[in-house]
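Residue numbers begin at 1 in each chain, while the letters A, B, ... track the order of the sequences.
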Number of protein chains: 2
Amino acid sequence: MINVAIVEDDKDIRESLALLINSTDGFMCTTTYGECMSAIKGINEDIPDIVLMDIGLPGMSGVEGIRRIKEKHPDLDIIVLTVHENDDIVFEALCAGACGYLVKETPTSRLLDAMREVKHGGAPMSTQIARMVVGSFQKKTESLLTAREIDVLNQLCKGKSYRMIADSLSISEETVRRHLKSIYRKLEVHSKSEAVAKALKENLI
Amino acid sequence: MINVAIVEDDKDIRESLALLINSTDGFMCTTTYGECMSAIKGINEDIPDIVLMDIGLPGMSGVEGIRRIKEKHPDLDIIVLTVHENDDIVFEALCAGACGYLVKETPTSRLLDAMREVKHGGAPMSTQIARMVVGSFQKKTESLLTAREIDVLNQLCKGKSYRMIADSLSISEETVRRHLKSIYRKLEVHSKSEAVAKALKENLI
DNA sequence: CACAAAATGACCCGTTCGGGTCATTTACCC
DNA sequence: GGGTAAATGACCCGAACGGGTCATTTTGTG
């Protein structure tokens with residue numbers, strides 16, 4: 001029997017979700033919450049197997065709610081169920097600890113499958129979400145940086161100094177400096193650390 | 001009609017996959033390859049809609065093959081179909097441009113679904129793979145760094161100087177310097193850029 | 001309350017970095 | 001074949017950094 005808790009501000013959605021879950025073999029939903037604070041408190045008392053979580057909630061955001069719940073219960077599985085398909089929110093939710101992300105038009109059969117999938121160690125996502133997630137691994141093609149600049153940037157990301165980069169690429173320190181100037185201009189940054197941060201965040205290397 | 005190419009060194013698997021695809025409505029497979037080089041060449045002539053790609057191939061690795069194929073055909077969808085569930089290979093394949101990753105015990109019906117899913121903008125993954133991918137977003141808990149050190153590290157990742165970090169956290173530059181010393185010792189690094197690189201790669205922040 | 005861990009602040013000094021301006025050679029595209 | 005982009009190398013200088021050693025205050029847990 002999989003015990004599901006629901007965090008969702010819309011009463012109609014909340015109740016129909018609970019009804020769906022309670023009328024499905026192997027699932028039950030004894031507790032629902034209208035906002036995060038009570039969910040965080042309630043889940044501390046009565047620990048479910050899975051939390052279905054909305055993102056656009058009154059008061060504390062769902063993302064922050066996920067973070068707080070996972071702090072106390074790292075092994076609890078949280079599935080986001082929301083209308084938000086905005087890139088930032090998806091990644092924020094996953095970083096906060098969600099292990100699944102479904103958009104709200106998901107058919108009920110898929111929702112039930114998703115919960116079963118989570119219990120088998122999966123991470124169910126709606127198709128567009130999965131593509132966004134996988135896409136986030138892909139390197140930017142047609143980089144604005146030249147091949148040599150990328151070489152230098154790669155070394156930089158290993159924490160190398162100008163001197164070490166020069167040795168490693170068999171060019172003079174002055175040339176390294178020159179490439180760095182060009183990189184800074186293109187990335188619009190002004191220090192090694194900022195360049196590294198930008199390069200890693202934007203998958204330039 | 002979805003045109004599928006197969007890259008797979010095992011003749012039996014290759015042929016049974018082709019047979020499956022050709023006997024399914026809406027799919028066809030006219031070309032199969034036993035290793036990467038001929039696939040790269042062949043795909044340049046005869047462009048399929050989807051490539052099913054093995055990873056453990058003789059000669060060029062599947063990962064490198066994916067990279068080469070995506071270089072020429074950035075919009076071509078490549079699904080990895082392999083026995084490898086090793087973390088590194090999964091992420092390497094996705095970084096190289098794969099948009100799906102299935103383990104070989106995947107039932108044929110799921111394989112066909114996966115190809116349809118890809119054509120609808122999805123990114124089909126086996127359950128364990130999806131969890132690995134989502135897990136890679138999650139921050140390390142129980143950091144070896146203190147809360148304040150993480151504050152400083154966060155600022156560092158925005159490319160701030162000591163002076164700017166000091167202002168932004170309302171502490172003296174000397175204290176920032178002190179925290180940085182402690183961070184360097186714990187992360188075993190010796191520069192801002194190296195610390196940023198390590199922090200971002202290890203999801204410390 | 002006592003003790004430990006964390007956070008705070010200060011000084012010195014040699015090295016590295018960032019930005020400025022200079023120039024030459026190689027490679028590729030029209 | 002001539003022009004453009006890329007890659008190479010050099011110098012200067014002030015600001016920023018990294019490592020060293022010093023000490024005080026705050027916080028939290030037993």
Contacts under 3.5 Å, N or O only, protein and nucleotides 15-18 of chain C:
| unit_1 | atom_1 | unit_2 | atom_2 | d |
| --- | --- | --- | --- | --- |
| dC17(C) | OP1 | K192(A) | NZ | 2.5 |
| dC17(C) | OP2 | Y162(A) | N | 3.1 |
| dG18(C) | OP1 | Y184(A) | OH | 3.3 |
| dG18(C) | OP1 | K192(A) | N | 2.7 |
| dG18(C) | OP2 | Y162(A) | OH | 2.5 |
| dG18(C) | OP2 | Y184(A) | OH | 2.7 |
| dG18(C) | N7 | R177(A) | NH1 | 2.9 |
| dG18(C) | O6 | R177(A) | NH1 | 3.3 |

To the nearest angstrom, how far is [X] atom [atom1] from [N] atom [atom2]?
{"X": "E174(B)", "N": "dT25(D)", "atom1": "CD", "atom2": "P", "result": "18 Å"}
{"X": "R185(B)", "N": "dG18(D)", "atom1": "CZ", "atom2": "C1'", "result": "14 Å"}
{"X": "K181(A)", "N": "dT8(D)", "atom1": "NZ", "atom2": "C1'", "result": "13 Å"}
{"X": "Q155(B)", "N": "dA16(D)", "atom1": "CD", "atom2": "C1'", "result": "17 Å"}
{"X": "L145(B)", "N": "dA5(C)", "atom1": "CG", "atom2": "P", "result": "17 Å"}
{"X": "L169(A)", "N": "dG9(D)", "atom1": "CG", "atom2": "C1'", "result": "15 Å"}
{"X": "I165(A)", "N": "dT8(D)", "atom1": "CD1", "atom2": "P", "result": "13 Å"}

- Task: Locate the shortest heavy-atom distance separating Y184(A) from S191(A); write the atom from each residue and the value.
- Result: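 It is OH-C, 3.2 Å.
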- Task: Scan side-chain atoms only and decide if E149(B) and S182(B) contain a donor-acceptor pair under the 3.5 Å cut-off.
- Result: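 The criterion, which ignores hydrogens and geometry beyond distance, is satisfied for S182(B) and E149(B).
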- Task: Scan side-chain atoms only and decide if H179(B) and D151(B) contain a donor-acceptor pair under the 3.5 Å cut-off.
- Result: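 No, because no side-chain N or O of H179(B) sits under 3.5 Å from a partner of the opposite role on D151(B).
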Between [X] and [Y], does at least one N-O distance fall below 4.0 Å, as a salt bridge requires?
{"X": "R110(A)", "Y": "E117(A)", "result": "yes"}
{"X": "K41(A)", "Y": "E45(A)", "result": "no"}
{"X": "R14(A)", "Y": "D9(A)", "result": "no"}

- Task: Spell out, as yes or no, whether a donor-acceptor pair under 3.5 Å connects the side chain of T175(A) to the backbone of I171(A).
- Result: no
- Note on the structure: The side chain to side chain contact (heavy atoms under 4.5 Å, CB included) partner of C29(A) among L52(A), I50(A), L19(A), I21(A) is I21(A)
Polar atoms only, N or O, under 3.5 Å: list the protein pairs with nucleotides 5-7 of chain D and their distances.
| unit_1 | atom_1 | unit_2 | atom_2 | d |
| --- | --- | --- | --- | --- |
| dA7(D) | OP1 | R148(A) | N | 3.2 |
| dA7(D) | OP2 | T146(A) | OG1 | 2.3 |

